[in-house]
Colleague: 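Questions regarding the structure given below will be posed in turn.
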Protein chains: 2
Amino acid sequence: MPKVGMQPLRRKALIDATILAIGERGSLDVTMSEIAGRAGVSSALAHHYFGAKDDLLEATMRYLLTELNADARLALRAAQTPLQRVSAVVAVNFSEKQFRSETIAAWLAFYVEAQKSQALRRLLRVYARRLHSNLMSGLAPLLPPAQAERAAETIAALIDGLYIRRALRDGLPDAATAVALVEAYLANLPLGTKGRA
Amino acid sequence: MPKVGMQPLRRKALIDATILAIGERGSLDVTMSEIAGRAGVSSALAHHYFGAKDDLLEATMRYLLTELNADARLALRAAQTPLQRVSAVVAVNFSEKQFRSETIAAWLAFYVEAQKSQALRRLLRVYARRLHSNLMSGLAPLLPPAQAERAAETIAALIDGLYIRRALRDGLPDAATAVALVEAYLANLPLGTKGRA
DNA sequence: GTTTTTGTTGATTGATCAGTCAATAAAAAA
DNA sequence: TTTTTTATTGACTGATCAATCAACAAAAAC
């Protein structure tokens, strides 16, 4: 069976399997055997390609982050106004692709693990910084600095909170509701007061 | 050493130790031995008083929930106006006692575990419902039903989100900042429009 | 003063898993 | 064709831990 050039395929399959497994179990307490089994290979092979379990988990998280970032870049490119930039960032976080229960469960599990793992904590910090700067790119032109800062923090917290809530009760709130909540928050902000405050 | 009437003391000590241990590890991957050790007893005794590990974890979570609820009741009793009720609920969630890193880490860990455990999920649902109804008791007199509903959801999500963010980077945002964020959200709501919308 | 109840532990068991390794086999390079 | 590289696994090891249990001790009940 062994053909050459399997490495990238196997790695991808293992990462996908990891997300799936974590999503179903709802935690990082997934065995290498289960992940490997899902990917159709032996656990030894998973170790062969990733080394330790932690490395596989880190690679998985890095993958999620990369995907999210790619989506965000795309969405931001299409935005024409500052407000549209903010909406775009929000929309991406609740898009079909990102707001799926497996993905969310994985995020949540990684958040928890980050309290233990230096490496994961670093990755999450990168994510947090990117989210913040993406939000600020839309908010800064619309609000005085301090208020823009606060709005960015609020939206970020709102996103995290809605993710958690979604992870818990299965399916609620759905993506549309989540977006509506954040948009309602935006609608109440005193936008366009940058100079005046 | 064995005196009589140890049961309640041991149980309390074990629950405290559990919170401490989870808070430090940042996850529920804490051994019975470590918990027991912290409480100054053997792991066998922990099993003696709580049965399985899951039971101890459940009892711990129930304890956190009870404490939070007691605090909320007290705070609500002091509130005079609807808006004060909302602020009181928010304040309790970010109070010195609740917004401590161990407590928060424990909450977060329980959130994750709830995806696996039926029992924990049930407990969290109780918490969610109580929070919601507490918030609504203040919001309902101030906003049209749909908007009050949405505001309650938003505040609840904000609280969860701020908890998560606090758990991750150690200490940020602090309690005062967290409260300020939520209060700023409240300040922008079109309160007092109950009849008009 | 014997018996029962309550408190407590050390030692042990059994299961689970991450990680290793030697062995196998196909493909590619020599 | 031989050798090396890449892909792959089954079997094993070692560590960790939840859970059990027999045994001991102090207090309370009898």
Side-chain angles (χ1 to χ4, degrees), chain A residues 1-22 24-61 106 109-110 112-113 116-120, chain B residues 1-22 24-61 106 109-110 112-113 116-120:
Chain A
M1 244 184 264
K3 292 169 204 159
V4 96
M6 287 287 105
Q7 175 139 352
L9 301 181
R10 294 305 192 196
R11 285 182 71 98
K12 177 65 162 64
L14 282 164
I15 286 177
D16 286 346
T18 304
I19 296 173
L20 249 287
I22 292 175
E24 239 172 65
R25 267 278 196 296
S27 94
L28 296 191
D29 277 344
V30 208
T31 66
M32 288 297 270
S33 300
E34 199 202 322
I35 293 172
R38 266 170 202 272
V41 298
S42 72
S43 70
L45 197 67
H47 277 107
H48 174 64
Y49 281 127
F50 283 97
K53 186 182 177 184
D54 286 351
D55 298 326
L56 171 55
L57 294 180
E58 190 186 330
T60 302
M61 186 165 173
F110 281 127
V112 170
E113 188 72 7
K116 277 191 275 188
S117 156
Q118 177 95 36
L120 293 190
Chain B
M1 242 186 266
K3 293 167 204 161
V4 95
M6 286 287 103
Q7 175 140 350
L9 301 182
R10 294 305 192 198
R11 286 182 69 99
K12 177 67 162 64
L14 282 164
I15 286 175
D16 286 346
T18 304
I19 297 173
L20 249 289
I22 293 175
E24 241 171 64
R25 267 277 197 296
S27 94
L28 296 191
D29 277 345
V30 207
T31 67
M32 288 297 270
S33 300
E34 198 202 323
I35 294 171
R38 265 170 204 273
V41 299
S42 73
S43 70
L45 196 67
H47 276 107
H48 174 64
Y49 281 127
F50 283 97
K53 185 183 178 184
D54 286 351
D55 298 326
L56 171 55
L57 294 180
E58 191 187 329
T60 302
M61 186 166 174
F110 281 126
V112 171
E113 189 70 8
K116 278 191 273 188
S117 155
Q118 176 95 36
L120 292 189

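Every chain is numbered from 1 and lettered A, B, ... according to where its sequence line falls, protein lines coming before strand lines.
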Colleague: Please give me every residue in residues 28-37 of chain A whose heavy atoms get under 4.0 Å of an atom in DNA chain C, ordered by residue number.
Modeller: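 Close to the strand are Val30(A), Thr31(A), Met32(A).
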Colleague: Roughly how bent is the helix from dG1(C)-dC30(D) to dA30(C)-dT1(D) end to end, in steps of 10 degrees, with each end axis from five pairs?
Modeller: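 The angle, to the nearest 10 degrees, is 10°.
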Colleague: Can you sort out the partners of Asp16(B) under salt bridge (Lys or Arg N to Asp or Glu O under 4.0 Å), two or more places apart, ordered by chain and number?
Modeller: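 Result, salt bridge (Lys or Arg N to Asp or Glu O under 4.0 Å) vs Asp16(B): Lys12(B).
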Colleague: Could you list the residues that satisfy side chain to side chain donor-acceptor pair (under 3.5 Å) with Thr60(B), not counting sequence neighbours?
Modeller: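 Once residues adjacent in sequence are excluded, Thr60(B) has no partner under the side chain to side chain donor-acceptor pair (under 3.5 Å) criterion.
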Colleague: Just grab all the side-chain hydrogen bond (donor to acceptor under 3.5 Å, both in side chains) pairs involving residues 35-44 of chain B, residues at least two apart or on different chains.
Modeller: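 side-chain hydrogen bond (donor to acceptor under 3.5 Å, both in side chains) check on residues 35-44 of chain B returns Glu24(B)-Arg38(B), Glu34(B)-Arg38(B).
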Colleague: Can you tell me how far the CG atom of Asp29(A) sits from the OG atom of Ser27(B), to the nearest 0.5 Å?
Modeller: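 Asp29(A) CG to Ser27(B) OG: 8.0 Å, rounded to 0.5 Å.
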Colleague: Would you give the length of the straight line joining atom CD1 of Ile15(A) to atom CZ of Arg10(A), rounded to the nearest 0.5 angstrom?
Modeller: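 That separation rounds to 14.0 Å.
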Colleague: May I ask you to list the residues of residues 42-59 of chain B, by number, that have any heavy atom positioned under 4.0 Å from an atom of DNA chain C?
Modeller: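 Of all residues in residues 42-59 of chain B, the ones placing a heavy atom under 4.0 Å from DNA chain C are Ser42(B), Ala44(B), Leu45(B), His48(B), Tyr49(B).
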Colleague: For residues 50-57 of chain A, run the donor-acceptor check on the side chains, cut-off 3.5 Å, and write out each pair with its distance to 0.1 Å, sequence neighbours left out.
Modeller:
unit_1	atom_1	unit_2	atom_2	d
Lys53(A)	NZ	Val30(A)	O	2.7
Asp55(A)	OD2	Ala52(A)	N	3.2

Colleague: Who passes salt bridge (Lys or Arg N to Asp or Glu O under 4.0 Å) against Arg11(A), sequence neighbours left out?
Modeller: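 Counting only residues at least two positions away or on another chain, Arg11(A) forms no salt bridge (Lys or Arg N to Asp or Glu O under 4.0 Å).
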Colleague: So does Arg10(B) get a side-chain nitrogen or oxygen closer than 4.0 Å to the phosphate oxygens (OP1/OP2) of dT6(C)?
Modeller: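 No, because none of the side-chain N or O atoms of Arg10(B) sits under 4.0 Å from OP1 or OP2 of dT6(C).
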Colleague: So, using side-chain contact (heavy atoms from CB on, under 4.5 Å) as the criterion, who are the partners of Ala46(A) when residues are at least two apart?
Modeller: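 Ala46(A) satisfies side-chain contact (heavy atoms from CB on, under 4.5 Å) with Leu14(A), Met32(A), Ala36(A) once adjacent residues are dropped.
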Colleague: Show the nearest heavy-atom pair for residues Ala106(A) and Ile22(A), with the distance to one decimal.
Modeller: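 Shortest heavy-atom separation between Ala106(A) and Ile22(A) comes out as CA-CG2, 3.6 Å.
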Colleague: Starting at CE of Met61(A), measure out to OG1 of Thr18(A) and round the result to the nearest 0.5 Å.
Modeller: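 Reported to 0.5 Å precision, the distance equals 13.5 Å.
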